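The first residue in the sequence is number 1, and the count goes up from there. Keep in mind it's a predicted model, so treat the numbers as computed, not measured.
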Amino acid sequence: MKTKYLVTAFAASCLSLAALPVASQEMSYPEKCKGMDIAKMGTSSGGGMKMDMSSGGDMKMDMPMDQMGDYQKATMEGMKSMHDDMMQGMMQKDPDVAFVCGMIAHHMGAIAMSEAELKYGDNKAAKDMAKKVIAAQKKEIAYMTKWVEKEAK
């Protein structure tokens, strides 16, 4: 009986893991949160902010990507994507839209990190947390995306 339970539990966890990465790929950053090329932002008059996002902005890495493990690469790729989208969203003129767009990107980063945990982690409690994060963040992203579609001009 114990073996049957373990096989069933294992099969169920494999099915849920197989579905999760697809879920994040289905989610995309709202178009209304995009629109500014933050890599080219700046001013020559010195009165504004100049940002060079070509190297990941404030994300400084002491370890080259080719020396990272698979888990580190997966999380760094997710964080870079989140960082770029979040910075772009925060540049919206409307502070409410900027906040919500930044939060959408932030939540997408949480999903990417959680998916990396599910793929590479081996601690059941940590994996359970990752699953809960994914479920909660997906709901919040859906709600915030609807808000952006309605409110952003």
A.B. asks: Give the intermediate values and the outcome of side chain to side chain contact (heavy atoms under 4.5 Å, CB included) for residues Tyr143 and Lys139.
C.D. replies: CA-CA 6 Å; Tyr143 174 77; Lys139 288 178 187 173; over 6 Å; no
A.B. asks: If you measure from the Lys or Arg side-chain nitrogens to the Asp or Glu carboxylate oxygens, is any gap between Lys80 and Glu77 under 4.0 Å?
C.D. replies: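 So Lys80 does not pair with Glu77 through a salt bridge.
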A.B. asks: Roughly how far apart are Glu140 CD and Met108 CE, rounded to 0.5 Å?
C.D. replies: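 It comes to 14.0 Å.
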A.B. asks: Below 4.5 Å, heavy atoms only, C-beta onward: do Cys33 and Asp85 meet side chain to side chain?
C.D. replies: no
A.B. asks: Can you tell if the side chain of Lys32 reaches within under 4.5 Å of the side chain of Val97, non-hydrogen atoms only?
C.D. replies: no
A.B. asks: Less than 4.5 Å apart, side chain to side chain, heavy atoms only: is that true for Lys34 and Glu31?
C.D. replies: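 They are in contact (side-chain heavy atoms under 4.5 Å apart), so the answer is yes.
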A.B. asks: Restricting to non-hydrogen atoms, name the atom on Ala126 and the atom on Glu117 that form the minimum distance, rounded to 0.1 Å.
C.D. replies: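 In this case the closest contact between Ala126 and Glu117 is CB-OE2, 3.4 Å.
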A.B. asks: Side-chain contact, heavy-atom cut-off 4.5 Å: Leu118 with Lys131?
C.D. replies: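 In short, these two side chains touch, coming nearer than 4.5 Å.
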A.B. asks: Can you check whether Lys73 reaches Met68 side chain to side chain, under 4.5 Å on heavy atoms?
C.D. replies: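 Contact flag for Lys73/Met68 side chains = yes.
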A.B. asks: State, to 0.1 Å, how close Glu149 and Pro30 come at their nearest heavy-atom pair, and which atoms those are.
C.D. replies: OE2-CB, 4.0 Å
A.B. asks: Quick check: are there more than 12 heavy atoms from other residues, nucleotides or ligands sitting under 6.0 Å from CG of Asn123?
C.D. replies: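 Counting other residues, nucleotides and ligands, CG of Asn123 exceeds 12 neighbours.
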A.B. asks: When you compare the side chain of Asp96 with that of Glu151, does any pair of heavy atoms fall below 4.5 Å?
C.D. replies: no
A.B. asks: Does Ile111 reach the side chain of Val133, with side-chain heavy atoms less than 4.5 Å apart?
C.D. replies: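 They are not in contact (no side-chain heavy atoms under 4.5 Å apart), so the answer is no.
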A.B. asks: Let me confirm one number: the CG-CZ distance from Asp94 to Phe99, rounded to the nearest 0.5 Å.
C.D. replies: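 If we round to the nearest 0.5 Å, Asp94:CG and Phe99:CZ are 12.5 Å apart.
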A.B. asks: Once rounded to the nearest 0.5 Å, what's the spacing between atom CE of Met76 and atom CD of Gln72?
C.D. replies: 9.0 Å
A.B. asks: Write down the atom of Ala112, the atom of Gly78, and the distance for their closest heavy-atom approach.
C.D. replies: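 Looks like CB-CA, 3.9 Å.
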A.B. asks: Do other residues, nucleotides or ligands put more than 12 heavy atoms under 6.0 Å from the CE atom of Met113?
C.D. replies: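 12 or below, so no.
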A.B. asks: So which of His107, Lys132, His106 actually passes side-chain hydrogen bond (donor to acceptor under 3.5 Å, both in side chains) with Gln137?
C.D. replies: His107
A.B. asks: Which pair of non-hydrogen atoms, one from Tyr71 and one from Tyr120, has the smallest distance, and what is that distance?
C.D. replies: CA-CD1, 3.7 Å
A.B. asks: Heavy-atom distance under 4.5 Å between the side chains of Ser81 and Tyr29, does that happen here?
C.D. replies: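 In short, these two side chains do not touch, never coming nearer than 4.5 Å.
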A.B. asks: Please give me the minimum heavy-atom distance between Cys101 and Gly89, naming the atom from each residue.
C.D. replies: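 Scanning both residues, the minimum pair turns out to be CB-CA, 3.7 Å.
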